[in-house]
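Residue indices begin at 1 and follow the sequence shown.
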Amino acid sequence: MKKRMLKIISLLLLATLTIGMGGCTMFMSDKEICERQMAKHLEDKYGKFEYEGYGAISESWIYPYDQQSYYIVLPDGTKDEFWVHRYREDNGEYRFEDTYYWCLIRDEYEAEIKNTLEPFFSDCKVFYPSQKDPFSNEITDPSLWRELFESNQMPRHITWVLVDENLFGSVENFVALEESILSVWPHSDFELRIFLARHDGYVSANRNNLHDTSNNYLIAEISTVDGIRGEIL
């Protein structure tokens with residue numbers, strides 16, 4: 001009896017040690033498991049990099065996925081955001097998708113948009129997709145986006161462009177550029193929202209205060225999808 005008890009205790013100790021060393025998920029919540037799976041997805045796809053999580057949505061009848069939002073801190077102190085979705089397949093397996101690839105191409109993409117608009121605006125501020133769909137999980141090389149851009153195969157997205165009111169004498173002069181801009185922008189699914197902004201709002205605008213800018217400093221808009229929207233009342 002004594003030997004049997006010693007054997008049971010030994011087995012229990014071994015099981016406890018195994019669980020501790022192996023990082024067993026037996027006692028983890030689904031949220032914790034989901035976070036760990038998402039972190040593994042990002043590392044497997046892009047390698048290790050620094051990021052912070054700040055908000056989560058759980059799968060429900062409204063959302064067919066679990067979502068975790070993240071951000072990276074840029075050299076100027078602003079934050080660039082992305083998300084990861086986890087979908088539960090019918091066979092019980094999970095599928096993941098994310099928008100981090102947009103962060104990898106941010107600088108080149110914004111420079112491309114600015115270069116395209118240079119004939120119309122001597123200066124402008126470009127803020128790459130505030131609303132964006134994910135690239136395919138096979139797309140990880142930061143150079144591949146340009147081929148997709150030129151062939152009109154980028155995921156659907158919206159890019160904001162701000163223009164200083166001081167460049168134009170009137171709203172009419174600004175919106176009169178619509179046809180000319182559309183002639184050099186063949187991407188029907190990639191929307192540019194070009195805003196004429198009050199000078200002080202234009203100067204202070206950055207990636208993380210666009211909500212405030214949109215509420216208080218925008219005067220007029222040109223959209224490459226919806227056409228002229230004209231003056232913002």
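The neighbour count for Arg156 CZ, taken as heavy atoms of other residues, nucleotides or ligands under 6.0 Å away, does not exceed 12. Around the OH atom of Tyr54, the shell of radius 6.0 Å holds more than 12 heavy atoms that belong to other residues, nucleotides or ligands.
Partners of Glu110 by side chain to side chain donor-acceptor pair (under 3.5 Å), not counting sequence neighbours, listed by chain and number: Arg207. Judged as a salt bridge (charged side-chain N to carboxylate O under 4.0 Å, His left out), and not counting sequence neighbours, Arg198 has no contacts. For the ring pair (Phe, Tyr, Trp, His ring centres under 6.0 Å) test, residues two or more places apart in sequence or in another chain that qualify with Tyr87 are Tyr65, His85. Take Trp145 and apply the ring pair (Phe, Tyr, Trp, His ring centres under 6.0 Å) test, not counting sequence neighbours, and it matches Tyr109, Phe149. Every residue two or more places apart in sequence or in another chain that forms a salt bridge (charged side-chain N to carboxylate O under 4.0 Å, His left out) with Glu35 is listed here: Lys31. Annotation: side chain to side chain donor-acceptor pair (under 3.5 Å) contacts of Asp133 (sequence neighbours excluded): none. For Tyr202, the ring pair (Phe, Tyr, Trp, His ring centres under 6.0 Å) criterion is met by no residue, not counting sequence neighbours. Tyr46 meets the ring pair (Phe, Tyr, Trp, His ring centres under 6.0 Å) test with Tyr100; sequence neighbours excluded. The salt bridge (charged side-chain N to carboxylate O under 4.0 Å, His left out) search around Asp80 returns Arg106, not counting sequence neighbours. Shown here are the side chain to side chain donor-acceptor pair (under 3.5 Å) partners of Ser136, two or more places apart in sequence or in another chain: Glu138. Lys79 pairs by the salt bridge (charged side-chain N to carboxylate O under 4.0 Å, His left out) definition with nothing, not counting sequence neighbours.
Between Trp160 and Phe195, the distance separating the two ring centers is shorter than 6.0 angstrom.
Using a 30° and 60° split on the angle between ring planes, Tyr51 and Phe82 fall in the perpendicular class, above 60°.
Phe121 and Tyr128 fall within the same hydrophobic cluster, defined by Ile, Leu, Val, Met, Phe, Trp and Tyr side-chain heavy atoms under 4.5 Å apart, directly or through other members. Under the 4.5 Å side-chain heavy-atom criterion for ILVMFWY residues, a single connected hydrophobic cluster contains both Leu148 and Leu192. Linking ILVMFWY side-chain heavy atoms closer than 4.5 Å, directly or via other members, places Trp83 and Leu42 in two distinct hydrophobic clusters.
Each of His41, Arg88, Glu89 was scored for a side-chain hydrogen bond (donor to acceptor under 3.5 Å, both in side chains) with Tyr94, with one residue passing: Arg88.
Looking at Asp66, its side chain never comes within 3.5 Å of a backbone N or O of Cys34 through a donor-acceptor pair.
Residue pairs meeting the salt bridge (Lys or Arg N to Asp or Glu O under 4.0 Å) criterion with at least one partner in residues 39-48, sequence neighbours excluded, are Lys40-Asp44, Lys45-Asp98.
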